[in-house]
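Okay, structure first, notes after.
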Amino acid sequence: MTLVLQSVPGLSDLSAVPLAADKPAIGIHLNRININANFGIVRLEVFSGTYQHGDTIPVPVSDVDGYTYSRSELIYIWQAQNTGDPSTGWATYQAPWTMWYGVWNVNQNTGEVESIVGYRGNQDHTDRQAQTNDGVLQVFIIAQRQRTGLSLAAVPSFSNILAASFYTDRPLHTDLITEMNDNAKFSIVNTEVFYLGELAHGGTVALPTSPIDGHVYSSGEVSILTSFRWTSDTANGGPVVPAISKGQLQDWAAAVTFGGGHYTAALTIDYESGGRHAYNEGKVAVFAICQRSGAGTFPVVEDSYAEITQDRFFPGTTLRASTLNQLNRNTKQAVLTPEFFGPTDHSNGDTIAVPTSPVDGYTYDRAELFYLWDIKQTGPSTGTGDRMALWQAGVSNLGVVTINDYRLGDGASTSNLAHEGQIRVIIYAKRAIHPVHPPLVPVHQPTDPIAPDIIPDQLVNGVVLNTPGGSTAGDNADTVITWPVAFPDALYAIKSMVIVSDNGYGYISVFAQTATDVTVRLWNYGGGVAAISINISSGY
Amino acid sequence: MIAAPSNFIAANEALARQPVFLITIAGLTQQFTNRYTGVPHQEAWLVDATGSGMVEDFSTTISELDGGAELGEFAFNVLDKGGFITSLFPTFVFKGKTVSFYMGFAGLATADYCLLFTGVVDHVDNVGNNTAYRFSCVDKKQILNQVVFQTGDSGLPTDNNNPRTVQGHPLDILLTILETELGLPSLGVDEAKIIAYRDGIFSGTEFIFTLTSPPTAKDFIENELMKPLAGYLWTNNKGQLSVNFMYPLTLTAVYDFLDGNITESDASTPVPQAQQVDLVNIINYRYDYDQDQNKFMTEVVQQNAASIAKYGQYGQQIIESNGMRSSLQAFFLSTIASRMIFQRYDGNALKFDPLAAFWKAVTVEPGDIVTVTNRLVPDRATGLVGITAKKFLVLDRIWSFTAGLVSLLVVDASYLTLFGFVKIAPNGKGDYTAVSAGDKAAYMYLCNDSDQYSNGAAANVLG
């Protein structure tokens, strides 16, 4: 079942003043609390997609209530899902070329995607240097409503109100409604994500502070994700091509750890040049996934969210115990929406375990999970002289981790597939009634040296057919062309025909096709046709 | 309701009473009255020099759906006895001086007079063949014609490149405009009422504006603050800028109109003429203004479904708010305001325009809830002739000082009887069946799904 709210909710910083004893019992205030709880459900949403250089991340629309986000409400976390050419899934420059550097970014203000991958030859061929816009980035779009516009006068706390508090004849005590008010506000702010800026090796950043209410997160409430901005050298605050003497790119790794009251980045970029050489270069963008403590534990699983219509609180309506009980349950579920688990380190082939909420014991279903990840390390490579030709990584909707390192070893003419390296995963969990976000695009594994499932255009070009002499019209002798690799599912069409000699005319069609060859036939309408050049394209 | 001294109220109840009008002008020792009082410096120089009365009829007109109100001209005529007024002109500037108009009765101490109007002198014209002066006064709302928020966030003048962000509770923004931007003293603003609304019904409300040009205060207040919240700005008897909203602060009627205190509005209308309020059953709310796209990103159509089913769509209102945001409960605000408008303008409800009353009703003011009882008024809601203690809300008002009559525009507010009066309970208050009858009636208790308490009693309702 998918949650759909009837209207877009929002925040009201309802003070405790109108909720004091002997103040009028006004339905409008209860409705504000109700809407705050709804807002807690949707305030933080995560979307994802894969993008390439030049793309602009589209502004998402919530499928819970149709809210259209504005750009200023979004934070982008990106990872290189595939360092190769998006159209082929493989490196533009292949063996003996390998990776040299990578520069990746999603502009936090505009959503514009940048991906630059440099390739080079070995030290015997330093003339081989190229720069491309290879790269497929998986982008996690963290959408937080009024990300910079919300404010609360005080840091809300959470009180665990039990179901037994709601029964017929119970007075609407000031403490009860004040706590419910606070709890609903807590559900809005208890999960936040911050962009902490970019750090080079050794760079530091403080614990994040909520701009909403000034809460300073403790290290225990924060999980860090990084996105590599670049692996290359740095000059004047920006990336520069690495010194040629360093060699070819081998591995890259990042860690941001807490100590001494702040976070510190540790970056390592390995190059192969007569051995592995490590450098503390590069830069990462740092993101804090924050989840406040203070909710304690709930005695029952909270998975029965039901929207309470505003009519239930209009002037002239009664206040049912069942309504307030549902409001309390909605608030508790909003506190647990979403939950973040991790980070945990994973290697290729791992299946990420389905988590159980430590708050109420709810065991998530796989379909309720989404995996945010970053690169802990791409290696270390184990082969002698291994250089990185292509890197791929991701997590499927079944929680299976894929890490592919395509490495070119010493003296090798083709790269080998390895599964070194680790990614860090933070699970974003939203309970059953919430929509499942699109799964990850499956990681593409090309066959070296050419990605076989995309057929290049003009694979066969300029084939000259037998032609009849003179100007006799009629079928020409069939010409059979055999492809180098079998493509049983592909269909072929004549792309163009050029009569290269004489003055005849006609057309060429695909006459027959098998798994390994295609037969083309010339229909000659007359006139002398001495030779014909044709281009055959694929993809129909 | 105007807070009048108790002695004034008592004196106003007397069958025979002689009204005393008292006008003071700031900076002027002399005060002007319509009869001799024996009080030093009070000169009985008020005269009817124009045929319109010593003190001319004074009106207050409410534009409830447009967020504002207009006070008519307050005019009085003073005899230029011995050329005294004329002699003041070389040394005394009348224009802009604060004028206070009091009313009392013969024999009442000046301290017990009731303040009915506070404004400023606008014009002083000769009348009555130059034997008298007609003072024309306006309220202090003229100051609202000034532009506000002229400085952007950058410190430079507000424009496209230097926008001004205004964020906060709309009633705090109102106070900022009046007291900070316009420089009104706090005594010139009905702070108590504004704060009561801010901390009561509208607690937790927030607007965000990004201004790229400085607006006039009047336009901004009426269109951006009052109208979206179903309220209006007006000037009270103290000359203070005040607010009223469709959700009243108090549900208690302040005056009961009965056969004995209602009079004919004119000779041809001996009884209150029952009329019908306008019908409004559809409102388009627009908010989430996007500066870059220069348009409202959200439009919500609020409808009174039952009314539309019966009558079709009528009286469409369009309310555009640059400050309301979805993420700040804009939809809820639009729902509440629309609901109040639909209840007020349901097309079937009664309206009296005017409801003419004797001078006892002089303290009734716009926004007050009153009751009307009259056996000759048809009630379309019940299909019967005769109404008893039916609640109405006061909008427009005209004081006719010469005739001693109060004319009011009142609209049916009987839907307010559905609103609850009960309170939030103090901690420790016992369950419904264990408390006294007084506490049962005073506090809110949770009920079962049949809207009853465990003993079968009907549950209290929310306000």
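All values derive from a computational prediction rather than experimental measurement. Just so we're on the same page: letters track the sequence lines, and every chain starts at 1. Computed from heavy atoms alone, side chains included, the values below leave out hydrogens, waters and symmetry copies.
Highest contact tally toward chain B, considering only A:I35, A:I177, A:L30, A:D13, is held by A:I35 [criterion: heavy-atom pairs under 4.5 Å]. For chain A, the option among B:T298, B:T335, B:N427, B:L328 with the highest count of heavy-atom pairs below 4.5 Å is B:N427. The greatest number of non-hydrogen atom pairs below 4.5 Å with chain A, out of B:L418, B:N448, B:N455, is found for B:N448. Ranked by non-hydrogen atom pairs under 4.5 Å with chain B, the options A:L11, A:T323, A:N38 are led by A:L11. Here B:D449 is the residue among B:D199, B:D449, B:T433, B:I336 with the most heavy-atom pairs under 4.5 Å with chain A. The candidate with the highest count of non-hydrogen atom pairs below 4.5 Å against chain B, out of A:P315, A:A21, A:A20, A:P24, is A:P315. Between chain A and the residues B:Y432, B:F332, B:Y415, B:Y247, the largest count of heavy-atom pairs under 4.5 Å involves B:F332. For the set B:G200, B:A457, B:G420, the count of heavy-atom pairs under 4.5 angstrom toward chain A peaks at B:G200. Contact count against chain A (heavy-atom pairs under 4.5 Å) is highest for B:S454 among B:S454, B:A330, B:A459, B:S450.
A donor atom on one side chain and an acceptor atom on the other are found under 3.5 Å apart for B:Y289 and B:N294. With no hydrogens or angles considered, a side-chain donor-acceptor pair links A:N36 and B:Q329 at under 3.5 Å. Side chain to side chain, A:Q291 and A:E339 fail the donor-acceptor criterion of an N or O pair below 3.5 Å.
Atom CG of A:L14 sits about 12.0 Å away from atom CE of A:M180, to the nearest 0.5 Å. A distance of 13.0 Å separates CG in B:D346 from CD1 in B:I341, rounded to the nearest 0.5 Å. With rounding to the nearest 0.5 angstrom, the OG atom of A:S12 is 7.5 Å from the CG atom of A:N181. The distance from atom NZ of B:K440 to atom OH of B:Y445, rounded to the nearest 0.5 Å, is 7.5 Å.
Of the charged side-chain nitrogens involved, none lies within less than 4.0 Å of a carboxylate oxygen, so that B:R325 and B:E206 do not count as a salt-bridged pair. The pair A:R145-A:E45 meets the salt-bridge criterion, with a side-chain N (NZ, NE, NH1 or NH2) lying under 4.0 Å from an Asp/Glu carboxylate O. Checked for salt-bridge contact, B:K295 and B:D290 miss the test: no charged N lies under 4.0 Å from a carboxylate O.
Within a 6.0 Å radius of NZ in B:K391, other residues, nucleotides and ligands contribute more than 12 heavy atoms.
The parts of A:F166 that come within reach of chain B are both its backbone and its side chain, each placing non-hydrogen atoms under 4.5 angstrom from that chain. Within the 4.5 angstrom heavy-atom criterion, no atom of A:N325 approaches chain B. Only the side chain of A:L324 comes within contact range of chain B, judged by heavy atoms closer than 4.5 Å. Using a 4.5 Å cut-off between heavy atoms, A:T317 touches chain B through backbone and side chain atoms alike. Residue contact with chain A, scored on non-hydrogen atoms closer than 4.5 Å, is absent for B:F421. Contact annotation for B:L251: neither backbone nor side-chain heavy atoms come within less than 4.5 Å of a heavy atom of chain A. Proximity to chain B is limited to the side chain of A:Q310, based on heavy atoms less than 4.5 angstrom apart. Using a 4.5 Å cut-off between heavy atoms, B:L416 makes no contact with chain A at all. Contacts of B:N460 with chain A are made by backbone atoms alone, with heavy-atom separations under 4.5 Å and no side-chain atom involved. Residue A:A153 does not touch chain B at all, counting heavy-atom pairs closer than 4.5 Å. Contact of B:M297 with chain A is not made at all, since no heavy-atom distance falls under 4.5 Å. Contact of B:Y443 with chain A is made through the side chain alone, with heavy-atom distances under 4.5 Å. With a 4.5 Å cut-off on non-hydrogen atoms, B:I208 touches chain A through its side chain but not through its backbone. Both the backbone and the side chain of A:P171 come within contact range of chain B, judged by heavy atoms closer than 4.5 Å.
In this structure, the ring of A:F140 has its center no less than 6.0 angstrom from the ring center of A:F287. Ring centroid separation for the pair A:Y428 and A:F340 comes in under the 6.0 Å cut-off.
Classification of the A:F47-A:Y69 ring pair by plane angle, with boundaries at 30° and 60°, yields perpendicular.
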